[in-house]
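We're numbering straight along the sequence, starting at 1.
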Amino acid sequence: MGACGGMTPILFDLEMLYNRHMSSAPLPYLVKLAGNADENDGDAGAVTPHTNIAIKPKPETKKPSMYKVLLLNDDYTPMEFVVHVLERFFNKSQTEATQIMLHVHRKGVGLCGVFTFEIAETKVAQVMDFARRNQHPLQCTMERE
């Protein structure tokens, strides 16, 4: 057993990794194993360029689809309640919440925020549940951006 407890140490060819990383083609990284030299060359333990292991490249991830969460105007929900909802569930300041509430009041609909699907869905459910528990007909919806 050697200094590595019987395991062959892996040495990275940093220049090669850097060159592969900087190239435009997504190629797998190659790693050289130490201690696999030919026994005839007298260089036992040397790293040779022919002992490579291919490692899968990191898969590319797509950005998630984003969804707008919207409040819809109605004639019964108090403006103060809408401001409270915006502050509580969308972390808006009082000024920002008031501006959005006035936009909902004047235009019929207002943007609360843009989120991933799961977060948007949760926020819509929270707002709708809170409005129902407080006996307000406030409507909150989401749509793909």
Side-chain angles (χ1 to χ4, degrees), residues 1-37 43-145:
M1 281 200 196
C4 291
M7 298 176 69
T8 304
I10 297 175
L11 301 176
F12 294 95
D13 184 343
L14 295 178
E15 183 179 359
M16 182 196 54
L17 289 175
Y18 177 78
N19 289 337
R20 290 221 180 225
H21 177 69
M22 298 307 289
S23 73
S24 61
L27 299 173
Y29 291 108
L30 298 177
V31 179
K32 295 180 181 179
L33 290 180
N36 288 343
D43 222 359
V47 177
T48 64
H50 303 292
T51 55
N52 296 325
I53 297 175
I55 300 173
K56 290 182 181 179
K58 184 177 177 183
E60 292 186 26
T61 55
K62 291 184 349 183
K63 283 192 170 188
S65 298
M66 301 301 282
Y67 291 80
K68 297 186 281 189
V69 176
L70 306 167
L71 281 181
L72 306 178
N73 190 37
D74 65 75
D75 294 332
Y76 303 101
T77 305
M79 292 180 177
E80 295 80 18
F81 183 78
V82 175
V83 170
H84 179 68
V85 164
L86 290 163
E87 290 172 342
R88 179 172 176 172
F89 296 104
F90 299 97
N91 298 319
K92 302 294 183 187
S93 67
Q94 186 169 9
T95 305
E96 225 179 343
T98 302
Q99 289 173 348
I100 294 169
M101 177 274 299
L102 289 172
H103 190 270
V104 171
H105 181 68
R106 292 181 184 132
K107 304 288 184 179
V109 65
L111 178 66
C112 301
V114 179
F115 308 95
T116 59
F117 178 81
E118 291 81 7
I119 294 173
E121 185 178 47
T122 300
K123 290 197 180 282
V124 168
Q126 288 173 332
V127 169
M128 295 293 289
D129 182 54
F130 188 67
R132 297 301 162 262
R133 282 189 281 127
N134 287 279
Q135 300 176 351
H136 295 297
L138 181 65
Q139 294 292 306
C140 186
T141 62
M142 61 187 256
E143 65 181 42
R144 193 174 196 154
E145 192 174 43

Least distance between heavy atoms, [X] atom then [Y] atom:
X      : Y      : result
Pro137 : Tyr76  : CG-CB, 3.8 Å
Phe115 : Ala120 : CB-N, 3.8 Å
Leu86  : Ala97  : CD1-O, 3.3 Å

Would you call [X] and [Y] a side-chain contact if the rule is heavy atoms closer than 4.5 Å?
X      : Y      : answer
Leu138 : Asp74  : yes
Val109 : Val104 : no
Arg132 : Met128 : yes
Val69  : Val127 : no

How many angstroms lie between [atom1] in [X] and [atom2] in [Y], if you round to the nearest 0.5 Å?
X      : Y      : atom1 : atom2 : answer
Thr116 : Glu121 : OG1   : CD    : 10.0 Å
Ile100 : His105 : CD1   : NE2   : 15.5 Å
Gln126 : Ile119 : CD    : CD1   : 10.5 Å
Met101 : Arg106 : CE    : CZ    : 8.5 Å
Lys123 : Met142 : NZ    : CE    : 12.5 Å
Glu87  : Thr95  : CD    : OG1   : 9.0 Å

Next item on the list: Could you tell me how the ring of Phe130 sits relative to the ring of Phe89: parallel (under 30°), tilted (30 to 60°) or perpendicular (over 60°)?
Entry: perpendicular
Note to self: Using only atom types and a distance under 3.5 Å, with no angle test, would you say the side chain of Lys92 pairs donor to acceptor with the backbone of Cys112?
What the structure shows: yes
Item checked: Asn134 side chain vs His136 backbone, donor-acceptor pair below 3.5 Å -> no
Next item on the list: Give a yes or no on whether Glu96 atom CD has more than 12 heavy-atom contacts from other residues, nucleotides or ligands under 6.0 Å away.
Entry: yes
Check: CZ of Arg133: more than 12 outside heavy atoms within 6.0 angstrom?
Finding: yes
